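Let me begin by presenting the structure, written as structure tokens, before commenting on it.
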Amino acid sequence: MPELPEVETIAQGLREPLVGRQFTGVHVGWADLIARPAVEELKRRLVGQRILDVQRRGKYLVFALSSGASLIVHLRMTGRLLIKNSGAELDKHDHLILVLDDGRELRFNEMRKLGRVYLVDDEDEIVGDLGPEPLDDDFTAADFAALLSTRRGMIKPLLLNQRFMAGVGNIYADEALFAARIHPERRADTLTAEEIERLYHAIRQVLRQGIENRGTTLTAYRDVEGREGVNQEYLQVSRRTDEPCLRCGTPIERTVVGGRGTYFCPKCQKPALEVGG
DNA sequence: ACCACAACCTGGCCGC
DNA sequence: TGCGGCCAGGTTGTGG
């Protein structure tokens, strides 16, 4: 489920309840949720720790602990992080419960069991290979152009590659390419300077709008209090098969690119013209 | 470098 | 009601 705007919304929502709190108990309902270390070591190293900070990096949540270690969570497709009062009814998908010192709990709810939790001394063990943050002030259009210039693959799978750029997922990739009027299968190194400029601003615009709208809830996504986002009401192209393009009226098409469902307007997002020999 | 595909899991939806 | 098939916001590994 969650891409950058959803994870950012969750990170913002976790700061008030978590920063300054202490973990007083750890309950693991499904051991494979814990990628590392082993469950017993995780418990030993978490209990008694205070949470100093909650940050987002790409689609990861990074909790800085008083020991200096980092607790890192990836929600994959259907993971949720929820703040509940201790004693609140357990859901069958609450697979990890971190008890806090104020009568509340942080619960990792994961229907599909794809999400993962890591406890590491150095966060770079997990997030060190991620590409740049697209919303960082020092990530410029020129930086983006330089990264694209050496890539021969299709633009959409490249946007989804977290080592290329961190945080963009399937929905926001389609939205950005539509806003920039670029076909998802265009070769990255063939984009014109104008197209790169449009795409750079489109990526940042759709991500910022997603954050303002507290995320996109299609099915599973919820914020830390269990509320849905509203950005699904603002999607321009994603999930709109056969509905009219909001720019030109042409029916939106669905195809598969890089193994992912892909929505685009066949008129506004033309494939590259074949250059005659 | 790049691509296709499978795997990890569960649940919702659709057609029969 | 039930069953098979397809789909799903993500990532990783394998093989070509």
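Since the structure is predicted, the reported quantities are computational estimates derived from the model, not experimental observations. Computed from heavy atoms alone, side chains included, the values below leave out hydrogens, waters and symmetry copies.
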Checklist outcome for this item: Atom CD1 of A/Ile126 and atom C1' of C/dT12 are separated, to the nearest Å, by 13 Å
Checklist entry - Distance check: side-chain N/O of A/His93 vs OP1/OP2 of B/dG11, anything under 4.0 Å? => result yes
Checklist entry - Does any pair with a residue in residues 186-196 of chain A pass salt bridge (Lys or Arg N to Asp or Glu O under 4.0 Å), and if so which ones, sequence neighbours excluded? => result A/Arg186-A/Glu195, A/Arg187-A/Asp189, A/Glu194-A/Arg198
Item to check | Pair of N/O donor and acceptor under 3.5 Å linking C/dA8 base with A/Arg112 side chain | outcome: yes
Item to check | Per A/Arg260 side chain, nearest of listed nucleotides C/dT12, B/dG11, C/dG10 | outcome: C/dG10
Checklist outcome for this item: Judged by nearest nucleotide, the residue sitting upstream toward the 5' end of DNA chain C, A/His74 or A/Arg239, is A/Arg239
Checklist entry - Will you find, in the side chains of A/Thr216 and A/Tyr172, an N or O donor that is under 3.5 Å from an N or O acceptor? => result yes
Item to check | Rounded interatomic separation in angstrom, taking CG from A/Asp129 and C1' from C/dG10 | outcome: 17 Å
Next on the checklist: Closest approach to the side chain of A/Asp32, judged atom by atom: which nucleotide of C/dC7, B/dC9, B/dG11 is it?
Outcome noted: B/dC9
Would you tabulate the nitrogen or oxygen pairs shorter than 3.5 Å linking the protein to nucleotides 3-7 of chain B?
from	atom 1	to	atom 2	distance (Å)
B/dC3	OP1	A/Met154	N	3.4

Next on the checklist: For a salt bridge (charged side-chain N to carboxylate O under 4.0 Å, His left out) check, start with the C-alpha distance between A/Arg76 and A/Glu110, then their side-chain angles and the critical distance, and finish with the verdict.
Outcome noted: CA-CA 9 Å; A/Arg76 294 282 181 99; A/Glu110 228 306 21; over 6 Å; no
Item to check | Ring-face cation contact, A/Phe23 with A/Arg45, 6.0 Å cut, 45° max | outcome: no
Item to check | Integer-rounded Å distance: B/dC8 P and A/Trp30 CH2 | outcome: 11 Å
Checklist entry - Going by atom types only, do A/Gln209 and A/Asn231 share a side-chain donor-acceptor pair under 3.5 Å? => result yes
Item to check | For atom CZ of A/Arg80 and atom P of B/dC9, their distance in whole Å | outcome: 20 Å
Item to check | Proximity to the side chain of A/Arg163 - top-ranked nucleotide from C/dT12, C/dG10, B/dG11 | outcome: C/dT12
Checklist entry - Mind checking the P distance from B/dC9 to C/dC3? Whole angstroms is fine. => result 23 Å
Checklist entry - Can you tell me if the side-chain N/O atoms of A/Gln162 get under 4.0 Å from OP1 or OP2 in C/dT11? => result yes
Checklist entry - Nearest-Å distance, CG (A/Leu218) to P (C/dC7)? => result 16 Å
Checklist outcome for this item: Between NE2 of A/His95 and P of B/dT10 the distance, given in whole Å, is 8 Å
Item to check | With A/Gln55 via side chain to side chain contact (heavy atoms under 4.5 Å, CB included) - residues at least two apart | outcome: A/Arg15, A/Asp53
Next on the checklist: Can you confirm whether the side chains of A/Gln269 and A/Arg181 place a donor and an acceptor under 3.5 Å from each other?
Outcome noted: no
Checklist outcome for this item: Taken to the nearest whole Å, OH/A/Tyr118 to P/C/dT11 is 10 Å
Checklist entry - Which whole number of Å gives the distance between the P atom of C/dC6 and that of B/dC5? => result 14 Å
Checklist entry - Base, sugar-phosphate, or nothing for A/Thr217, non-hydrogen atoms under 4.0 angstrom? => result base
Next on the checklist: Over all strands shown, is A/Arg116 touching base, sugar-phosphate only, or nothing at heavy-atom distances under 4.0 angstrom?
Outcome noted: nothing
Item to check | Protein-nucleotide distance (A/Asp174, atom CG; C/dG10, atom C1'), rounded to Å | outcome: 15 Å
Which side-chain N or O atoms in residues 147-163 of chain A pair as donor and acceptor under 3.5 Å with protein atoms at least two apart or in another chain?
from	atom 1	to	atom 2	distance (Å)
A/Ser149	OG	A/Ala146	O	2.7
A/Lys156	NZ	A/Asn170	OD1	2.6
A/Lys156	NZ	A/Asp174	OD1	2.8
A/Lys156	NZ	A/Gly261	O	3.2
A/Lys156	NZ	A/Thr262	OG1	2.8
A/Asn161	OD1	A/Arg163	N	2.9
A/Gln162	OE1	A/Gly167	N	2.8
A/Gln162	NE2	A/Leu160	O	3.1
A/Gln162	NE2	A/Val168	O	3.0

Checklist entry - Counting just side-chain N and O atoms, does A/Lys92 come under 4.0 Å of either OP1 or OP2 of B/dT10? => result no
Next on the checklist: Please give me the minimum heavy-atom distance between A/Arg240 and A/Leu235, naming the atom from each residue.
Outcome noted: CD-O, 3.8 Å
Checklist entry - Taking the side chain of A/Lys113 as its heavy atoms from C-beta onward, which of C/dG10, C/dT11, B/dC9 lies nearest to it? => result B/dC9
Checklist outcome for this item: The complete set of salt bridge (Lys or Arg N to Asp or Glu O under 4.0 Å) pairs with one or both residues in residues 251-261 of chain A, sequence neighbours excluded, reads none
Item to check | Closest non-hydrogen atom pair between A/Gly215 and A/Tyr221, with its separation | outcome: CA-CE2, 4.1 Å
Checklist entry - Counting any heavy atom closer than 4.0 Å, what does A/Arg254 reach on the DNA or RNA strands: base, sugar-phosphate only, or nothing? => result sugar-phosphate
Next on the checklist: Take N1-N3 plus N6-O4 or O6-N4 for Watson-Crick, N1-O2 plus O6-N3 for G-U, both under 3.5 Å. Which runs of 3 or more such pairs involve DNA chain C?
Outcome noted: B:2-8 with C:10-16, B:10-16 with C:2-8
